[in-house]
Amino acid sequence: MKQHELAAFFSQIADLLEYRGDNPFRIRAYRRAAQNLENFSGDLAHLAQAGRLRELPGIGADLADKITEYLSTGAVAALERLKRTTAPGVLELLEVPGLGPKTAKLLTERLGISTVHQLEEAANAHRLRRLPGFQEKKEQNLLKGIEILKKGRERMHLGIALPLARELLRSLQRVSGVTRISTAGSLRRMKETIGDLDLLVASTSPARVMQALSRLPLCARVLASGTTKSSILTPDGVQVDVRVIKPDSFGAALQYFTGSKEHNVRLRELAIRQGLKLNEYGVFRLKTNQRLGGREEADVYRALGLPWIEPELREDQGEIDAAKAGRLPRLVDAKDVRGDFHIHSTWSDGSNQLEELAREGAARGYDYLAICDHSQSLKVAHGMSVARLRRQMEQIRALNRRLRGFRLLMGAEVDILTDGSMDYPNDVLAELDFVIGSIHSGFSQSEATLTRRLVSAMRNPYVTLIAHPTGRLMGQRDPYAIDLETVFASAAETGTALEINAFPRRLDLCDTAARRANALGATLAISTDTHSLDQLDNITIGLGVARRAWLEPRDLLNCRPLNRLLEWIARKRAA
DNA sequence: GCCGTTTTCGGCCCGACTGTTTTCAGTCG
């Protein structure tokens with residue numbers, strides 16, 4: 001995961017070059033490279049050794065050298081040089097929303113400001129008004145920006161963003177004159193964390209929508225308000241951007257505001273090469289300005305000679321080439337899901353009885369749920385002794401005798417102990433239908449040790465699925481150190497599935513890792529890690545990750561009907 | 001700094017909103 005630090009370095013280079021007024025296209029090249037590194041899920045060091053860095057999009061000779069330099073020294077000299085020769089504090093100042101490179105230059109050169117704290121003092125003392133083009137309003141806006149920065153513009157996870165968006169959509173839907181409404185932006189693309197919420201409204205009377213928006217209980221402050229675009233802040237400090245569009249160009253606007261930015265840039269480049277222009281109002285011929293479409297999103301893609309591309313794929317990660325070649329994946333969908341594997345009940349730390357879970361699973365149209373309560377070592381979660389596990393199995397068998405067209409699988413989430421052995425002996429595991437292997441202890445072991453633990457669990461014939469393979473908890477705990485390439489290869493080799501844990505703070509594997517695992521031949525499974533009935537809904541979030549990973553139904557274990565699932569498990573046990 | 005169905009040189013996406021302006025620069029997405 002070194003590429004994240006490197007991406008940050010490239011991004012800092014871009015910021016500093018921008019401050020210095022360098023060539024904007026050079027700056028963009030750094031930003032694009034940073035973005036691509038952020039999304040890259042392979043093994044950077046391996047690619048570098050093979051001399052194949054330039055195969056990465058946006059990486060040419062110069063940036064390939066800088067990557068190599070970083071991999072061997074842990075630093076990029078060009079960045080260090082820029083930092084040394086640029087006024088101190090520039091990178092910190094640029095963090096303030098609304099403060100860009102030009103303003104930063106004024107602040108550092110005219111007033112010698114080098115920290116956000118100094119900026120705040122200067123603004124409060126009205127010293128900024130001495131600057132050209134500065135009056136009271138700009139001073140206040142910078143103070144507001146500092147306030148937002150201090151609150152921490154922390155991105156929210158989908159578990160928060162989705163319900164909030166649903167509530168806003170419901171409210172705006174009721175405004176008269178509104179004909180269509182949709183989320184856009186990173187939420188529609190189902191990115192794991194969301195910065196601002198983007199909403200799109202088709203209406204013939206924009207003013208009414210903007211007025212209604214400012215009066216919502218969820219509107220704590222109006223940040224900006226124009227005729228077609230407004231931004232508000234919710235009481236929890238979430239920024240919501242709302243665009244009102246004429247119904248005739250709703251599709252073009254939806255395409256435009258769904259992004260990603262990188263995807264859109266590629267599309268507009270493609271348009272220019274065809275003598276076309278693409279903007280949020282539609283696709284136009286450059287010469288005549290004749291409009292070729294824009295009411296539906298598909299119109300936009302069609303005008304560029306492409307099939308419609310699913311929002312989750314729009315990250316400039318090969319989807320445009322795939323679309324051109326007619327090789328877009330048939331992404332997994334909610335209706336493909338036949339069951340859920342990682343379900344806790346009152347037997348360990350869940351809050352629902354087996355029977356309630358069975359009823360709910362059947363009501364959702366699933367064929368099966370695997371009950372996987374914790375194993376004996378995990379005392380904090382009321383892990384089950386072998387005796388209790390067997391009593392639970394007895395109860396599940398009894399329940400299954402009464403169920404028609406639905407089955408509870410007898411499973412367990414079994415700790416992978418610090419020495420790599422399983423928390424139940426193999427003869428007990430053999431009695432279960434479904435075995436999850438999980439790491440819940442020894443997070444700080446070395447990469448080699450943790451990787452060995454996972455691999456030895458996968459070599460156990462009874463282990464069907466590795467849960468939350470990296471152990472990360474967004475905002476709380478970093479992933480523990482494991483060699484993902486080795487783990488993925490081992491999963492493929494042993495016929496062990498890897499989980500896409502759909503708990504909003506986990507999303508583990510994440511999209512890029514899941515895509516890589518699939519590329520290396522591993523089978524995946526979306527499971528919700530449910531501890532109470534409503535958490536079964538998180539399957540939607542897991543589906544988002546799977547779709548962003550380009551997964552098709554055949555790549556996912558829980559898209560298989562029961563008999564095929566049981567065959568898959570049996571095959572590993574026999575081998 | 002990258003890149004090639006217009007190119008190995010000369011291009012490189014597009015528009016809205018704000019504030020301070022009488023026509024535009026800065027910032028953002």
Side-chain angles (χ1 to χ4, degrees), chain A residues 10 13-15 17-19 21-36 53-67 78 93-107 128-129 131-142 144-145 148 153 184-187 189 194-198 200 206 210 222-231 239-245 249 252-253 255-284 286 304-305 316 324:
Chain A
F10 281 176
I13 291 178
D15 281 347
L17 290 174
E18 196 169 23
Y19 172 87
D22 208 297
N23 175 0
F25 301 107
R26 185 174 173 225
I27 294 162
R28 186 197 294 171
Y30 276 103
R31 291 208 200 286
R32 180 154 185 242
Q35 189 71 38
N36 280 314
L53 286 172
R54 295 188 59 176
E55 288 174 22
L56 293 171
I59 302 298
D62 183 90
L63 291 184
D65 283 350
K66 290 196 167 68
I67 295 174
L93 291 177
L94 289 174
E95 302 260 308
V96 177
L99 197 165
K102 307 288 183 192
T103 312
K105 207 164 180 66
L106 274 179
L107 294 172
L128 302 188
R129 290 181 204 178
L131 297 170
F134 257 80
Q135 291 189 17
E136 191 182 351
K137 206 64 190 264
K138 269 198 178 175
E139 208 168 59
Q140 280 175 5
N141 280 347
L142 282 183
K144 280 186 195 170
I148 290 172
R153 282 207 303 181
S186 52
L187 180 65
R189 301 200 312 279
I194 310 296
D196 304 337
L197 283 191
D198 286 300
L200 233 57
M210 295 316 189
V222 176
L223 294 174
S225 180
T227 52
T228 65
K229 181 193 161 182
S230 286
S231 298
Q239 183 175 331
V240 182
D241 295 336
V242 178
R243 270 100 177 176
V244 185
I245 314 294
S249 47
Q255 195 291 313
Y256 187 94
F257 291 113
T258 295
S260 66
K261 192 175 171 186
E262 292 73 24
H263 174 89
N264 285 358
V265 167
R266 289 289 305 279
L267 279 192
R268 292 198 280 273
E269 286 168 357
L270 195 64
I272 287 171
R273 284 204 293 276
Q274 299 178 37
L276 304 172
K277 186 175 80 164
L278 172 61
N279 59 27
E280 62 254 60
Y281 303 106
V283 183
F284 302 84
L286 269 180
L304 301 177
D316 189 20
K324 277 188 202 161

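A quick note: this is a predicted structure, and the numbers were derived from the prediction, not measured. Note on naming: letters A, B, ... go to the chains in the order of the sequence lines (proteins, then strands), and numbering restarts at 1 for each one.
- Listed nucleotides B:dC17, B:dG1, B:dC14 differ in distance to A:Ala29; the shortest reach to its side chain belongs to B:dG1.
- Set against B:dC2, B:dG19, B:dG15, the side chain of A:Lys138 has B:dG19 as its closest nucleotide.
- Between A:Thr103 and B:dT27, a side-chain N or O to OP1/OP2 separation shorter than 4.0 Å is present.
- Side-chain contact check for A:Leu107 versus A:Leu131: some heavy-atom pair is nearer than 4.5 Å.
- Nucleotides B:dA16 and B:dC12 place their C1' atoms 22 Å apart, quoted to the nearest Å.
- Within 4.0 Å (heavy atoms only), A:Arg32 reaches no atom of the nucleic acid at all.
- Proximity of A:Leu278 to A:Glu269: side-chain heavy atoms (C-beta onward) are nowhere separated by under 4.5 Å.
- Nearest-nucleotide positions on DNA chain B place A:Gln135 closer to the 5' end than the other of A:Gln135 and A:Leu99.
- Backbone-only contact: A:Leu278 has heavy atoms under 4.0 Å from sugar-phosphate atoms and none from a base.
- Contact annotation: A:Arg268 does not reach the phosphate of B:dC13 (side-chain N/O to OP1 or OP2, under 4.0 Å).
- The closest donor-acceptor contact from the side chain of A:Glu139 to the backbone of A:Leu128 lies under 3.5 Å.
- One can place CG of A:Asn141 at 16 Å from P of B:dC17, the figure rounded to the nearest angstrom.
- We find the CG-CD1 distance between A:Leu63 and A:Ile13 to be 8.0 Å, quoted to the nearest 0.5 Å.
- Taking atom CG of A:Leu223 as the reference point, atom P of B:dT18 lies 10 Å away to the nearest angstrom.
- Residue A:Leu63 places its side chain closer to B:dG1 than to any other of B:dT27, B:dA16, B:dG1.
- Using a 4.0 Å cut-off, some side-chain N or O of A:Arg28 falls inside it from OP1 or OP2 of B:dC13.
- A salt bridge links A:Arg243 with A:Asp198: the closest approach of a Lys/Arg side-chain nitrogen to an acidic carboxylate oxygen falls below 4.0 angstrom.
- The existence of a salt bridge linking A:Lys229 and A:Glu280 is excluded, since no basic side-chain nitrogen approaches an acidic carboxylate oxygen closer than 4.0 Å.
- Taking the P atom of each, B:dT21 and B:dC14 are spaced 31 Å apart, rounded to whole Å.
- Neither OP1 nor OP2 of B:dC13 sits under 4.0 Å from any side-chain N or O of A:Asn264.
- To the nearest 0.5 Å, atom NZ of residue A:Lys66 and atom CD1 of residue A:Ile59 are 10.5 Å apart.
- Annotation: B:dC9 and B:dG15 have their C1' atoms spaced 29 Å apart (nearest Å).
- Toward the 5' end of DNA chain B, the nearer of the two residues A:Tyr30 and A:Tyr281, judged by each one's closest nucleotide, is A:Tyr30.
- Distances shorter than 4.0 Å separate none of the side-chain N or O atoms of A:Gln140 from OP1 or OP2 on B:dG19.
- The distance from atom NZ of A:Lys138 to atom CZ of A:Arg129, rounded to the nearest 0.5 Å, is 13.5 Å.
- Rounded to whole Å, the separation between the C1' atoms of B:dC13 and B:dC3 comes to 16 Å.
- Across all strands shown, B:dT8 forms no Watson-Crick or G-U wobble pair with both distances under 3.5 Å.
- For A:Lys66 and B:dC2, the shortest distance from a side-chain N or O to OP1 or OP2 is not below 4.0 Å.
- In this structure, CG of A:Asp198 is placed 9 Å from P of B:dG29, rounded to the nearest angstrom.
- Rounded to an integer number of Å, the gap from CZ of A:Arg129 to P of B:dT20 is 10 Å.
- Within the nucleic acid shown, A:Lys137 comes within 4.0 Å of sugar-phosphate atoms alone, with no base atom in reach, counting heavy atoms only.
- By the 4.0 Å N-to-carboxylate-O rule, A:Asp15 lies close enough to A:Arg31 to be salt-bridged with it.
- Only the C1' atoms considered, B:dC2 is 13 Å distant from B:dT7, to the nearest whole Å.
- Atom pair A:Asp241:CG and B:dT27:C1' shows a separation of 13 Å (rounding to whole Å applied).
- Using atom P as the reference point in both B:dG11 and B:dT18, the two lie 35 Å apart (nearest Å).
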Legend entry - Under 4.0 Å protein heavy-atom contact, by nucleotide of nucleotides 4-11 of chain B - B base, S sugar-phosphate only: --B-----

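- Rounded to whole Å, atom C1' of B:dC28 lies 6 Å from atom NZ of A:Lys229.
- Across B:dT23 and B:dC17, the matching P atoms stand 22 Å from one another, rounded to whole Å.
- A:Pro24 comes within 4.0 angstrom of no nucleic acid atom, judged by non-hydrogen atoms across all strands.
- The residue A:Ala271 sits apart from the nucleic acid: no heavy atom pair falls under 4.0 Å.
- Backbone-only engagement by A:Ser225 is indicated by non-hydrogen atom pairs under 4.0 Å involving sugar-phosphate atoms exclusively.
- Residue A:Ile59 is in sugar-phosphate contact alone, with no base atom involved, counting any heavy-atom pair closer than 4.0 Å across all strands shown.
- Between the NZ atom of A:Lys102 and the P atom of B:dG19 there is a distance of 20 Å, given to the nearest Å.
- Taking CZ of A:Phe10 as the start and CD1 of A:Ile67 as the end, the distance is 5.0 Å to the nearest 0.5 Å.
- For the pair A:Phe134 CZ and B:dA25 C1', the interatomic distance rounds to 12 Å; values are reported in whole Å.
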